[in-house]
Every structure is written in structure tokens, then in C-alpha cells.
Novice: 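Dropping the structure in here first, questions after.
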Amino acid sequence: ILPRVLNARRGDREVVVHLATAGADHALALCDRAGQTLLTQPAQAGANKLDLAALPEGKSAVCVKLLAAETLLDVTAVAQ
């Protein structure tokens, strides 16, 4: 069972993810329905903004993953 440390909110142009803490090797990944990564960026404590305009054309993100290196720490759905 994952710890539920992610709190994500989708806006018109971005997904905002709030984290209480983040390690130096932590990253956030926006992923499609199949779980494939569409966009990644380093994670930081506090608010993290992921720009939806940076997604590949025609792709839609349905979840955000929190990763430490290649290890999945948490995942949460992103409402459409």
C-alpha cells in the first residue's frame, strides 16, 4: 500500500502537486492511462507546478507519480 503523500489539483494549464517533503532524488511524473511517463521534473517540498502545455501533442495525463530514482513512492489520479 502506498503512503498517499501526493495531493494533486488540475487547472486549465497546469497540475499543481503539493508535497510536505521531497528528497534530492525525488521526481514527479505525469503519466498517461497506460502508466507511460509523458513529463518529468524534479520534486521539491511545497507546491510543484507541471505545465500541461509541455505534454506531447495529443497526449493526456491521468495520474501523477512520485519517484525516488526508479522506485514508485506514490501515485494519484489527476481529474480530467
Side-chain angles (χ1 to χ4, degrees):
I1 296 177
L2 297 173
R4 294 186 179 213
V5 297
L6 289 176
N7 177 358
R9 180 181 47 81
R10 185 185 186 118
D12 291 336
R13 297 185 180 129
E14 64 191 10
V15 174
V16 179
V17 180
H18 292 275
L19 295 171
T21 62
D25 66 341
H26 289 179
L28 293 168
L30 280 176
C31 301
D32 65 12
R33 187 169 307 282
Q36 297 300 308
T37 298
L38 302 173
L39 175 73
T40 61
Q41 74 179 43
Q44 60 185 6
N48 296 265
K49 296 180 180 180
L50 295 106
D51 184 7
L52 293 172
L55 293 176
E57 189 173 335
K59 297 290 185 176
S60 181
V62 299
C63 70
V64 178
K65 294 178 183 178
L66 176 62
L67 305 166
E70 298 295 320
T71 303
L72 178 66
L73 301 178
D74 199 9
V75 62
T76 191
V78 175
Q80 294 293 332

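Predicted model only: the values in this text are computed from it and were never measured. Sequential numbering from 1 along the given sequence is applied to the chain's residues.
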Novice: If I compare all heavy atoms of Ala22 with all of Ala45, which pair ends up nearest, and what's the gap?
Specialist: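 So the minimum-distance heavy-atom pair works out to CB-N, 3.8 Å.
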
Novice: How long is the span from the CD atom in Gln44 to the NZ atom in Lys49, to the nearest 0.5 Å?
Specialist: 10.5 Å

Novice: For the pair Asn7 (side chain) and His18 (backbone), establish whether a donor and an acceptor sit closer than 3.5 Å, ignoring hydrogens and angles.
Specialist: no

Novice: Checking Lys65 side chain against Gly35 main chain: does a donor-acceptor pair fall under 3.5 Å?
Specialist: yes

Novice: Please determine whether side-chain contact (heavy atoms from CB on, under 4.5 Å) holds for the pair Leu72 and Leu67, giving the CA-CA distance in whole Å, both sets of side-chain angles, and the decisive distance to 0.1 Å.
Specialist: CA-CA 5 Å; Leu72 178 66; Leu67 305 166; 4.0 Å; yes

Novice: How long is the gap from CZ on Arg10 to CG on Leu52, to the nearest 0.5 Å?
Specialist: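 It comes to 5.0 Å.
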
Novice: For residues Ala8 and Val15, report the shortest heavy-atom separation together with the two atoms involved.
Specialist: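 Result for this residue pair: CB-CG1, 4.3 Å.
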
Novice: Pair Leu66, Leu28 - check side-chain contact (heavy atoms from CB on, under 4.5 Å), show working.
Specialist: CA-CA 5 Å; Leu66 176 62; Leu28 293 168; 3.9 Å; yes

Novice: Quick one: CG on Asp51 to CG on Leu39, what's the gap to the nearest 0.5 Å?
Specialist: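 It is 8.0 Å, given to the nearest 0.5 Å.
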
Novice: Mark yes or no for whether Asn48, through its side chain, and Ala43, through its backbone, hold a donor-acceptor pair below 3.5 Å.
Specialist: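 No; zero donor-acceptor contacts below 3.5 Å.
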
Novice: Between CG of Leu30 and SG of Cys63, what distance do you get to the nearest 0.5 Å?
Specialist: 8.0 Å

Novice: Just how far is it from atom CG of Leu38 to atom CG of Leu55, taken to the nearest 0.5 Å?
Specialist: 5.5 Å

Novice: Please identify which of these residues, Leu19, Val78, Leu73, meets the side chain to side chain contact (heavy atoms under 4.5 Å, CB included) condition with Leu6.
Specialist: Leu19

